[in-house]
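Numbered from 1 within each chain, the chains take letters A, B, ... in sequence-line order. Because only heavy atoms are used, hydrogens play no part in the values below, and waters and symmetry mates are left out as well, while side chains stay in.
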Amino acid sequence: MTSSRLSTGGRIDRSTVLKMTFDGRSIVGHPGDTLASALLANDENVIARSFKYHRARGIYTAGVEEPNALVQLRYGARTEPNTPATTVMAYEGLEAFGQNAWPNVRLDVGVVNQLLSPFMSAGFYYKTFVGPFKGTGFWMLCEKIIRQAAGMGRGVTLDDPDTYEKVNAFCDVLVIGSGPAGLSAALAAGRAGAKVILVEQDSTLGGSLLSAPVGGDGDAWLDKMKAELTAMDNVQILTRSTVFGAYEQNVYGVIERVWDHVLAPPAHQPRQRYWQIRTKQAVMATGAIERNMVFGGNDKPGVMLASAARTYVNRFAVLPGRRVVVATNNDSAYAAALDLANAGSSVTLVDARTQVPEKLLDSLKASGVKVLLGHGVLTAKGRGGVSAATVTTISPDGRATGTARHIPCDLLAVSGGWSPVVHLWSQRGNKPVFNSAKACFVPVNSAIETMKCAGASMAADGSVVAVAQGFSAGATAAIDVKAKNSSGDAPIAPKVSHGDDWGRDLLSINTITDDNGKTRGKAFIDLQHDIKQSDIDLAYREGYVSVEHLKRYTTTGMATDQGKLSNFNALSQMAMLQGVPISDVGTTVFRPPYTPIALGAIVGREHGTHFRPTRLTPLHDWHVNNGAIVSEAGAWMRPQYYPERGEGLREAYIREASHVRKHVGMIDVSTLGKIAVQGPDSAEFLNRVYVNGWKMLPVGRLRYGVMLREDGIVMDDGATARLGEHDYFMSTTTANAAKVLALGEHLLQTAWKDLKVHLTTITDQWAVIAVAGPKSRDLLGAVSSGADLSRDALPNNHFVHGEIAGVTVRIHRMSYSGELAYEVYIPSGFGHHVWDALISAGVPYNLCPYGTEAMGALRIEKGHVAGPELDGRTTMKDLGLEGLASGKKPFVGSVLRNRPVLIHQSRPCLVGLEIEGDQGAQAGSLLYLDTGPTEGHGEGWVSSATYSPALGKNIALSLLQNGPERLGETIRVVNFVGGTRQRAKVVSPHFFDPSGVRQND
Amino acid sequence: MLRIKCPICGLRDETEFTYGADAIVRRPDMDETNPQDWLNYVFYRDDPKGPHKEYWHHVQGCRQWLVLERNTLSHEIGACRLAREVPK
């Protein structure tokens, strides 16, 4: 193959020269080029090595269907593997590299893989799982070698330096594709006043018109259409944008390549933009993709689609070969032959048909193109690239009937017909039907009320029909959305000589074989995945006849091009083998994305800290400014500990917890879930969602309660205060706030509609400070006014209103730490102010803030359950909370909690452990008999562990089979993750002050 | 992506809602003590192919529970009503 740039013609700007490199070699191009056209213009013909066999591959197409010319684009953090050179716009400084080759694509030692090809046939991977090598080291070795040898480009683990953004857009009519049909549709809908978005994946509008010779009737038509469309305020045009997905309710996903056509995006500009377009109607005018033909060596550099060859000549002014053989089974390749001949190539056209319209032959007469009717190409000869085509007369089923002869050539342009791009229509759950007259699968236009297909995607015959279909589809779409005004007259379609890129009068021969029915040499169906025709045959022989099985067994159509070029040939080969029409074989299902998209574009800005909201309490700034180490608790950031003088976590929490038991400490517990339960039936509601009784709770009191799930498992716990006759203040755990609210709303709105109750989340409206320790009453008494905190006036589970530093607060007396303790509820905006007041007033009492780690140590010492115990598997009985459940009333989960499996005697139940030795236990460790095998899942597990400053021991809460009956027993604590084994004594979970003297002080 | 027409808020993206549960099942009365009735409510579900009714929660909007008719085969969305206005 010797390709070169023509001195005239093309839609390129020769006044600007773009310097680029491929594999380190300089290439030059012009604005308007793709990387592929620039490579051809610089006579670069071997672009890549194939997936399995490392065969040399060149440029096969001029579009997104490219299976061969995949390159590693850019380097470093911006590198992008497996990028089709045909879709990359040329830019100054572009650097691309060949992939899957060593040392490079021109000279690749991996080519020895071809010798292994008998072992890499269809299903070879699955076959290695069974038989003599199953589960052996040999298989592992093979897998390693195969994975090394087979492959594509390399991804990187570096952070993506570019930014992406997301746009939500709405329109009346979305037009996909800007060829003759798409432009006509946009025009009709635009004239009718509909809000139109026209999306084109190419860098410029025009579709197939861009492949026609410059200066023709099509160009004038295109200019006129563009002028009218751009003048309309209600029409938005997106180029370099791909509609990759069609979703329910007329939602479409679009990636706009905003700044991919330059070395790097300008500052503060996104590389790509992800559009979510919600439309009322869509017109799919996505065109058609030419198919290749199957014959020996049909993958070699120098073999190219006829339409691609024509595009390179006319659009990019690149002559892809000087001596050309065009092989076809339909009319469309005649245009390619003519344009190549007019550009200076000597062309032989080999047509599988024995009869073609006189008009076609006439069109070639003046150009000197030789035409061989009833002929086919049996094999492409040549090492590294095509040097000759072996041509023979063929029978109507594609078998050689005469003596083969070589026609020297450096370009073999093939056309096996056309496949409409039905992907987006099919993504909506539809299967296209086979049109035997045109030998292709087409959409059914009535299947989706809100999506109309037009032009080549409907197998329209030429641009006159395409324009009419497009205009009608656009006008209908606009009527459906009740747009006003008339659409005027349809544009008169351009006269495009031979430019109707459509395969008329197609003879259904896709494969050319020897007279014995076998292809001569390796004949590829799926070029990107190296699937040969013989692989399809093998799959058939082994019983994989359904298209879905065929696809997975051979992996045909599963490469990054998703079989855009190859699917039809695979299906027609399977139909031939089965002896059924291709319509009976059917197609596989198309799914988004139509072409590969950057994940970064879907992620947009929602990564890092923007992945989800970060919730901060009203006191967060104080914690950070005072040296707290904060940790994540769900979406919340909470102070874990406040280190002093270089303390680590362990020293700090031990100090803080000891301090609370000795003096007084305070902790920010604003993250507690808070729900206002209001209405005359509130008590009844609480009575149903909590296991314990609420009807008798007087105003001014609060009560601890437990909630179950509908299936009887413990869901959450917390205290609820009765603020007024019909006004309750519920608190939940930090983690379950949303879940409890949603369940309550569900029950009230679906099952308990008769209850007059309203739930409101007020988590963010209240800051909460827990003040705990023997001096807590003295401190609060000193800092507050208007509240009698004395033992008799405010016993446990009572609350009172008071004032601190001018702010009205509510003080609940309740204890989580086991000390005399209070919770102070403050309107959020004053939380910081009251905290500051407490800090100042706390100096004489030796007040110290403490974090969640110390809070955890204190609650474990008291045997209180928390998240690690409420793990979605435990019952009230498991947790020793059985006594709370009321026997007098039904509640959520009250029946199913008594399922046999939930009341079984041997269930693990809550106990305490005293760990022997200096090392603490790890939560998640398993428990085994002291003497006995370490087998299975053991007899229980450690749920929470800490060092207990009060006891001077390492302790833990755990769930152990028959636990309460085993107090005093020694068991083994095994942590398989950390590899530690310890012994521990089973004790009551109430380690510290079991009778509660301190909290009731 | 589905778009759901909330009776309170209008046509909104699916991302504002959470799927709740099968809306065909009926919660037993509070005083029901037969475990089988509760098992049916909590665990047993039909898996219809075609039209179905589902609870969706407009959790990022009005927080109303909705009964949505959805075709499990085509994702076609039918009527959407407030759960509290749908008779038991």
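- The aromatic rings of A:Trp694 and A:Tyr690 lie parallel to each other, their planes meeting at an angle below 30°, with 60° marking the opposite boundary.
- Contact of B:Gln64 with chain A is made through backbone and side chain together, with heavy-atom distances under 4.5 Å.
- Using a 4.5 Å cut-off between heavy atoms, B:Thr18 makes no contact with chain A at all.
- In this structure, the portion of B:Asp13 lying under 4.5 Å from any heavy atom of chain A is its side chain and not its backbone.
- With 3.5 Å as the limit, one finds no donor-acceptor pair spanning the side chains of A:Asn250 and A:Thr279.
- Proximity to chain B is absent for every atom of A:Leu759, based on heavy atoms less than 4.5 angstrom apart.
- Salt bridge absent: B:Glu76 and B:Arg70 never bring a charged side-chain N and a carboxylate O closer than 4.0 Å.
- No other option in A:Ala742, A:Gly253, A:Ser894 has as many heavy-atom pairs under 4.5 Å with chain B as A:Ala742.
- Of the N and O atoms on the side chains of A:Trp275 and A:Glu256, at least one donor lies less than 3.5 Å from an acceptor on the other residue.
- Contact of B:His57 with chain A is made through the side chain alone, with heavy-atom distances under 4.5 Å.
- Between B:Glu16 and B:Arg12, at least one side-chain nitrogen of the basic residue sits less than 4.0 Å from a carboxylate oxygen of the acidic one, meeting the salt-bridge criterion.
- The choice from A:Arg709, A:Arg688, A:Lys889, A:Arg278 that makes the most heavy-atom pairs within less than 4.5 Å of chain B is A:Arg278.
- Note on ring orientation: taking the six-membered ring where Trp is involved, the planes of B:Phe17 and B:His58 are parallel (angle under 30°, cut-offs 30° and 60°).
- For the set B:Val59, B:Ile77, B:Asp31, B:Val67, the count of heavy-atom pairs under 4.5 angstrom toward chain A peaks at B:Ile77.
- Taking the side chain as every heavy atom from C-beta outward, B:Tyr55 and B:Leu66 never approach each other to under 4.5 Å.
- With a 4.5 angstrom heavy-atom cutoff, B:Leu73 does not touch chain A via any of its atoms.
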